[in-house]
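One structure below.
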There are 2 protein chains.
Amino acid sequence: MGIVMNIGQAADASGVSAKMIRHYESIGLVPQADRRDSGYRDYDPEDVHRLSFVRRARDLGFPLERIRVLLGLWGDPTRSSAEVKALALTHIEELEEKARHLQEMADVLRGLADACDGDGRPHCPIIEGLEAGSVPASSPSGERPISRSSSTSLPSRRSPSPGRR
Amino acid sequence: MGIVMNIGQAADASGVSAKMIRHYESIGLVPQADRRDSGYRDYDPEDVHRLSFVRRARDLGFPLERIRVLLGLWGDPTRSSAEVKALALTHIEELEEKARHLQEMADVLRGLADACDGDGRPHCPIIEGLEAGSVPASSPSGERPISRSSSTSLPSRRSPSPGRR
DNA sequence: GGTTGACCTTCCCATGATGGGAAGGCGCAC
DNA sequence: GTGCGCCTTCCCATCATGGGAAGGTCAACC
């Protein structure tokens with residue numbers, strides 16, 4: 001009969017919403033909570049501790065599947081810190097890759113915006129850049145590796161003789 | 001009888017997948033394509049030009065709803081470049097905010113990883129950081145503004161008398 | 001004891017942008 | 001006239017999260 005909480009209290013104590021706690025349970029990220037006779041879930045401090053762990057990992061951007069692994073390492077007394085570190089370094093790489101990608105997009109757009117007068121006239125290098133620009137875009141994780149030329153010109157595929165139909 | 005393409009050719013020429021072209025049409029981002037008697041969609045160079053515009057905007061990270069606005073400005077001869085610029089600057093802010101958020105997560109994690117030996121022993125500051133760390137996390141767009149104390153200790157809500165049940 | 005309001009339960013749906021895949025029809029080249 | 005590659009629509013999946021409905025529970029207060 002230690003400290004026992006319902007899901008709302010566990011949510012407040014862990015920083016994970018009740019909705020998410022149920023979800024994590026449903027996908028097996030955290031073990032199924034005990035139930036009272038009424039059907040209410042019960043949480044003890046250990047459960048809350050685990051939920052807090054998950055929340056902090058989420059705050060650091062770890063995807064749930066990686067958190068699943070982290071939880072396994074957390075509870076494994078025979079783990080090697082090398083495993084944890086490798087996981088963390090992989091994640092850092094991904095975070096920085098995404099950050100770089102976003103910043104690069106911002107930089108390209110900034111270049112266009114700097115060239116734009118921003119007055120009442122319609123002429124606008126930003127629109128023109130979108131119309132005809134090449135937008136290099138380094139492939140950060142899921143990009144289109146297709147190197148087209150300038151579009152709106154020569155169709156590439158399937159047109160040996162123009163004027164079908 | 002100008003140059004007319006089916007969706008696959010338009011996809012190749014614009015860099016937008018056929019799947020996405022259909023989707024953009026279904027949500028009204030681009031006008032409904034003409035149809036042949038067979039039901040096949042037909043695209044002319046102007047359509048492809050518009051799709052290329054959308055693709056470049058996507059490459060710069062614009063969400064579809066913003067692209068909808070951009071397309072409107074694009075086709076509006078009475079637009080002011082100020083409108084376009086404002087939209088672009090707003091977007092740049094968002095991109096940089098997200099980039100900062102990701103980089104900050106990476107930095108925090110790097111700090112933990114640097115303190116980790118990464119050897120065969122279980123001791124690991126990374127795990128410890130997740131267990132008890134505070135993970136400040138500046139709120140970039142959707143954060144939890146709840147400032148809890150240290151978790152796993154005092155439940156905050158609803159427990160005037162401990163030991164219910 | 002009864003009522004009330006805050007809580008809990010499950011279930012379904014939505015987000016944003018994209019892809020996968022099935023089932024069936026079309027087009028053209030050999 | 002057959003076959004292959006394209007097209008059509010429709011449904012489902014991703015990833016993490018939230019909203020909301022319909023109905024049951026708990027505890028406090030009168």
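So that the names make sense, note that chain A is the first sequence line, chain B the second, and so on, each numbered from 1. Since the model is a prediction, treat every value here as computed from it, not as a measurement.
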side-chain N/O [X] vs [N] OP1/OP2, d < 4.0 Å:
{"X": "B:N6", "N": "D:dC7", "value": "yes"}
{"X": "B:R36", "N": "D:dC6", "value": "no"}
{"X": "B:R58", "N": "C:dG16", "value": "no"}

Salt-bridge test for [X] and [Y]: reply yes if a basic N is under 4.0 Å from a carboxylate O, no otherwise.
{"X": "B:R56", "Y": "A:E131", "value": "no"}
{"X": "B:R66", "Y": "B:E94", "value": "yes"}
{"X": "B:D59", "Y": "B:R55", "value": "yes"}

Can you tell me how far [atom2] of [N] sits from [atom1] of [X], to the nearest Å?
{"X": "A:R41", "N": "D:dC26", "atom1": "CZ", "atom2": "P", "answer": "15 Å"}
{"X": "B:I7", "N": "D:dC7", "atom1": "CD1", "atom2": "C1'", "answer": "9 Å"}
{"X": "B:R68", "N": "C:dG16", "atom1": "CZ", "atom2": "P", "answer": "11 Å"}
{"X": "A:L64", "N": "D:dC15", "atom1": "CG", "atom2": "P", "answer": "9 Å"}
{"X": "A:I21", "N": "C:dT10", "atom1": "CD1", "atom2": "C1'", "answer": "16 Å"}
{"X": "B:D37", "N": "D:dT8", "atom1": "CG", "atom2": "C1'", "answer": "15 Å"}
{"X": "A:Q9", "N": "C:dA6", "atom1": "CD", "atom2": "C1'", "answer": "12 Å"}
{"X": "A:D34", "N": "C:dT9", "atom1": "CG", "atom2": "P", "answer": "13 Å"}

Check: In terms of the nearest nucleotide of DNA chain C, which residue is placed more toward the 5' end: B:E65 or A:A18?
Finding: A:A18
Notebook entry, point to check: Where along residues 22-32 of chain A does a heavy atom come under 4.0 Å from DNA chain D, residue by residue in number order?
Noted result: A:H23, A:Y24
Next item on the list: Heavy atoms only: give me the nearest B:A33-B:D42 pair and the separation to one decimal.
Entry: CB-O, 3.7 Å
Margin query: Within the structure provided, determine whether B:L64 and B:Y24 are in side-chain contact (heavy-atom separation under 4.5 Å).
Written below: yes
Next item on the list: Measure the spacing between CE of B:M20 and OG of B:S14 and express it to the nearest 0.5 Å.
Entry: 12.0 Å
Check: If you round to the nearest 0.5 Å, how far is OG of B:S80 from CG of A:D117?
Finding: 11.5 Å
Note to self: Using heavy-atom distances to pick each residue's nearest nucleotide on DNA chain D, tell me which of B:Y43 and A:F62 is more 5'.
What the structure shows: B:Y43
Next item on the list: Report the C-alpha separation of A:R100 and B:Q103 in whole Å, then their side-chain angles, then the decisive distance to 0.1 Å, and conclude whether the side-chain contact (heavy atoms from CB on, under 4.5 Å) test is met.
Entry: CA-CA 9 Å; A:R100 258 181 268 124; B:Q103 191 57 54; over 6 Å; no
Margin query: Let's see if you can work this out: which of D:dG18, C:dA17, C:dG21 has an atom nearest to the side-chain heavy atoms of B:M20?
Written below: C:dA17
Distances for protein N or O near nucleotides 23-26 of chain C N or O, under 3.5 Å:
unit_1	atom_1	unit_2	atom_2	d
C:dG25	N2	B:Y40	OH	2.8
C:dC26	O2	B:Y40	OH	3.2

Next item on the list: With salt bridge (Lys or Arg N to Asp or Glu O under 4.0 Å) as the test, would you mind laying out the steps for B:R50 and B:D47 before giving the verdict?
Entry: CA-CA 5 Å; B:R50 180 169 30 236; B:D47 295 322; 2.9 Å; yes
